Each structure stands twice: as structure tokens, then as C-alpha cells.
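This report concerns only the one structure given below.
Atom set for the values below is all heavy atoms of this structure, side chains included, hydrogens, waters and symmetry mates excluded. Not measured: the values here are computed from a predicted model. If you read the sequence from its start, that first residue is 1, and numbering goes on from there.
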Amino acid sequence: MMTFASRFALPLAFLMASTSLSMAAECGGDLGTFLQGVKAEALAAGVPADIAEQALAGARIDEKVLARDRSQGVFKQTFLEFSQRTVSQARLDIGRQKLQQYKAVFDRAEQEFGIPSGIIAAFWAMETDFGAVQGDFSTRNALVTLAHDCRRPELFRPQLLALIEMVQHGDLDPATNTGAWAGEIGQVQMLPKDIIEFGVDGDGDGHINVKQSAPDAILTAAKFIQHLGFKRGEPWIQEVTIPDNLPFEKTGLSGPLTAGEWFALGVTPRDGNTASGNLPASLVLPQGRKGTAFLTYPNFNIYLEWNQSFIYTTSAAYFATRLMGAPPYLKGTPEQGLGDVEMKALQTKLQTRGHDVGKIDGILGSGTRVAIQKEQQRLGVPADGWATPSLLNTL
């Protein structure tokens, strides 16, 4: 089951949170003193004193939140493993039921914000199983904990102040509201600042309740996705088949070609649709040239803004196409990959050769994929970015 706990990287929109108030210096120390500082800042922003007091009354440090923050789960599954688990037939069936149940709401989301229903429904499924699993961490305590902690206070203190604003609006009960360990709330797991900025009252009750109200969650997600840069009427991902003689060094998320140029090289859309040939397109091969292949278009960037994990984003984008009628992907016959220990060994070898792979973490992330491609080119083998035992042994 994919829930908030499986978000292995914070959204880019979150990572770019404002630091204008230099919050980094206002962290740590006595919790009571810290909370008084937060209250003073809320009062300066116009929050009534009784609301600020109510929002923070009884707040405490949650050691479980700190443990999660220090050891965020990371993807060590392959695309096939993860996508087959998350894009299950049961979820597809429920998703299609939800699309019918809330058809008028999804129609409004597309009309007003340009976001296809499948995209919203796929996020809804992957984040909380359509609202069934939203998290059991106290949202107030989670944000107090992370804002007080001196690792990333500039990211979380603004979210804590936004939570106080939600209390002021009557949209959140600080004593009872629960959600993800990092403070995300509701059926599509959004942070307080984003809920305030992009919240939509979808059911007309005068409040934005993304936790209990599916219409509020659906339309708020649509407005947020529009903000992330989704372009109305354009594709996001398209499954393709590929020939053996491609310039594989041009594959990957930073690929320099248009879809039409890929088509000219023999890349063939499974749905036969070549109408987007003029758009920039990256040919992504989650498990190398012998596995599933996709063209990703500029709209795919909204997935990377939502979550930085390549495996999550590709699975979510594929899920959306399934809900919109696409067939199951072709699994192909991927070459054997590497386990955790072997991947770390490969990353170490790549780093020794001067490549920037980031942290030696056993994850086949973008930096490691690019480094692999460069070494594959040097060795004269197809540069598809897939880590194999053969490559490890050769290096």
C-alpha cells in the first residue's frame, strides 16, 4: 500500500519554501521559549492571541517524527516491483469507481484547471488509497518537532505558521488533526502553506477540508498541479517500443530530442499517437533498454515537483494513463539489476572514477544513472543507464 510514508523525497515546492525571515537561527533550545517565539510571529502576522494559543497548546516534540526524518525510506525496488505493487488491479477498479462517483468534480477540475481526472486520481490512490490511510501523526506536533529541530527549520517553521492560520480559518483542529510525519494533511497529502494558497472549497460548505471532503481534496490538488506548471491538453508520459540501435547516450530525463526525432529513430508509441512530435521528449528506460520504455513530455515535470523519486514519479504517471484507458505496459525482459550492497559498490567505483553520484546510498538515482551512461559509453556498450552485475564486474 502506497501512503504518505512512502514519499521518499520531499516535494521540490516544499524544498523551495521561503527563508526570508532567517528562521534557521530560531530553532532548538527550550521548547517553551521556541513556542513563544512562534506565537509572537503569528501575532505579528495578525493572528488573534487566543487562536495562536489554541493552535500550540499542548504541543510537544515527537521523537518518532525525528526518527522518520533521520531515516527517510528510499527506493530500493525496481520500477517493475514498485509499479506492479502500487498500480494494482484493485486500485484501478476503485479508481475508476471514484472517477464515476465524483465525475462532476473531476469535470470541474479539468474545466477550471486543465488537469485530467486520471492524474488527480492516481495521486489520490498512491498517497492515501483514496483517503483510507492518511497518517496518524499529530500534524501540530510533527510541525513543531521539525520546526524546532535545527536540521531544516527554514522549511518547517513557515508550515507551522500556516497551520496556525488554518486554525484561524476554522479549517483544522490542532488537538485532533492527524496526517503524515512531515506535516502533510489530507487525501492527497499536502502541506499547510499549499492548502492555504491553493485550497478550493469543492463542496460549498465554506471551509477547505482536504481530510474529510473528497471534492475539496480533488479540486485543491488540481489547482496545485496547475501551479506546478501542467499545460492543458498536452501529454505527460507515453509508453513506446524501441529498436536496438538507438543513441542510448541521449536517453534519460535530460534527453535533448523532440518526440518527432525519437519517432524518426524508430521509437514507436504503443497507442500509435504521434501528434506530439514537436514537443521536447525524454526517452526513459527505468530498467534499461530491455525493459519498459516511456517518452516523458514537459508535463512530466509536475511529477518531479510533487516527488523527486524517479520510480515514484514514473509509476504515478503510468498509473494516470491506465486510469485514462491505456493498456498495461510491456514488461520486457530487463537484465538483472544490483542489490543494495552491489549498488553501493558500483557507486563507490563510479565516485572513484570522478563521477558525482551524490550520496553512496544504494539508490539508482539520476546522478548514478548519468555516471553509468558515461562509463557505458567509454566501454562501448549501449549507454542505457541501467546498473548490472556485468558493469560492476567490468569496472
Would you call [X] and [Y] a side-chain contact if the rule is heavy atoms closer than 4.5 Å?
{"X": "V47", "Y": "L161", "answer": "no"}
{"X": "D171", "Y": "N209", "answer": "no"}
{"X": "T251", "Y": "W262", "answer": "yes"}
{"X": "R322", "Y": "R96", "answer": "yes"}
{"X": "Q376", "Y": "P382", "answer": "no"}

[X] to [Y] - nearest heavy-atom pair and separation:
{"X": "A121", "Y": "L323", "value": "CB-CD1, 3.7 Å"}
{"X": "D129", "Y": "R91", "value": "OD1-NE, 2.5 Å"}
{"X": "P286", "Y": "R369", "value": "O-NH2, 3.0 Å"}
{"X": "G291", "Y": "P334", "value": "CA-CG, 3.9 Å"}
{"X": "L285", "Y": "A293", "value": "CD2-CB, 3.6 Å"}
{"X": "P269", "Y": "T274", "value": "CG-CG2, 4.0 Å"}

So, [X] side chain and [Y] main chain: donor-acceptor pair closer than 3.5 Å or not?
{"X": "N177", "Y": "T139", "result": "no"}
{"X": "Q287", "Y": "L80", "result": "yes"}
{"X": "T220", "Y": "A217", "result": "no"}
{"X": "E239", "Y": "A326", "result": "no"}
{"X": "E249", "Y": "Q373", "result": "no"}
{"X": "N299", "Y": "K231", "result": "yes"}
{"X": "N141", "Y": "T145", "result": "no"}
{"X": "E261", "Y": "T258", "result": "yes"}
{"X": "Q134", "Y": "K211", "result": "yes"}
{"X": "Q189", "Y": "G186", "result": "yes"}

How long is the gap from [atom1] on [X] to [atom2] on [Y], to the nearest 0.5 Å?
{"X": "L31", "Y": "Q36", "atom1": "CG", "atom2": "CD", "answer": "10.5 Å"}
{"X": "F300", "Y": "T313", "atom1": "CZ", "atom2": "OG1", "answer": "3.5 Å"}
{"X": "L279", "Y": "L257", "atom1": "CG", "atom2": "CG", "answer": "13.5 Å"}
{"X": "Y329", "Y": "Q84", "atom1": "OH", "atom2": "CD", "answer": "4.0 Å"}
{"X": "E342", "Y": "T388", "atom1": "CD", "atom2": "OG1", "answer": "12.0 Å"}
{"X": "L295", "Y": "S282", "atom1": "CG", "atom2": "OG", "answer": "8.5 Å"}

[atom1] of [X]: more than 12 outside heavy atoms within 6.0 angstrom?
{"X": "Q89", "atom1": "CD", "result": "yes"}
{"X": "Q377", "atom1": "CD", "result": "yes"}
{"X": "D93", "atom1": "CG", "result": "yes"}
{"X": "D50", "atom1": "CG", "result": "yes"}

(message) Tell me every residue that passes side chain to side chain contact (heavy atoms under 4.5 Å, CB included) with R108, counting only those two or more places apart in sequence or in another chain.
(response)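 Testing R108 for side chain to side chain contact (heavy atoms under 4.5 Å, CB included), a comparison that skips the adjacent residues, returns E112, V200, L219.
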(message) Holding to side chain to side chain contact (heavy atoms under 4.5 Å, CB included), I want the full list of residues that pass it with E110, two or more places apart in sequence or in another chain.
(response)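 Testing E110 for side chain to side chain contact (heavy atoms under 4.5 Å, CB included), a comparison that skips the adjacent residues, returns P116.
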(request) Give me the ring orientation class for Y303 and F123: parallel if the planes are under 30° apart, tilted from 30 to 60°, perpendicular past 60°. (result)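 Ring orientation, 0 to 90° scale: tilted.
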(request) Indicate the ring-plane relationship of F34 and H148, choosing parallel, tilted or perpendicular according to the 30° and 60° boundaries. (result)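 Correct class here is perpendicular.
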(request) Quick one: do K349 and E375 satisfy salt bridge (Lys or Arg N to Asp or Glu O under 4.0 Å)? Show the steps, please. (result) CA-CA 11 Å; K349 287 187 176 184; E375 286 300 313; over 6 Å; no
(request) Check each of L346, T348, T368, L350 against I360 using the side-chain contact (heavy atoms from CB on, under 4.5 Å) test, and report the only one that passes. (result)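 For I360, the side-chain contact (heavy atoms from CB on, under 4.5 Å) test succeeds with only one of L346, T348, T368, L350, which is T348.
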(request) Report the C-alpha separation of E335 and R289 in whole Å, then their side-chain angles, then the decisive distance to 0.1 Å, and conclude whether the salt bridge (Lys or Arg N to Asp or Glu O under 4.0 Å) test is met. (result) CA-CA 9 Å; E335 295 179 80; R289 70 191 191 282; 3.3 Å; yes
(message) Under the criterion side-chain contact (heavy atoms from CB on, under 4.5 Å), I'd like the reasoning laid out for Y297 against E234: C-alpha separation, chi angles, the key distance, then a yes or no.
(response) CA-CA 8 Å; Y297 293 93; E234 292 187 6; 6.0 Å; no
(message) Under a plain distance cut-off of 3.5 Å, with no hydrogens placed, do Q187 and D216 share a side-chain donor-acceptor pair?
(response)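 Q187 and D216 do not have a side-chain donor-acceptor pair below 3.5 Å.
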(request) Go through F230 and F113 one step at a time and tell me if the side-chain contact (heavy atoms from CB on, under 4.5 Å) criterion holds. (result) CA-CA 9 Å; F230 191 92; F113 305 111; over 6 Å; no
Scan the side chains in residues 52-65 for donor-acceptor partners under 3.5 Å anywhere in the protein, sequence neighbours excluded, and list what turns up.
unit_1 : atom_1 : unit_2 : atom_2 : d
E53    : OE1    : K39    : NZ     : 3.0
E53    : OE2    : K39    : NZ     : 3.4
D62    : OD1    : K64    : N      : 2.9

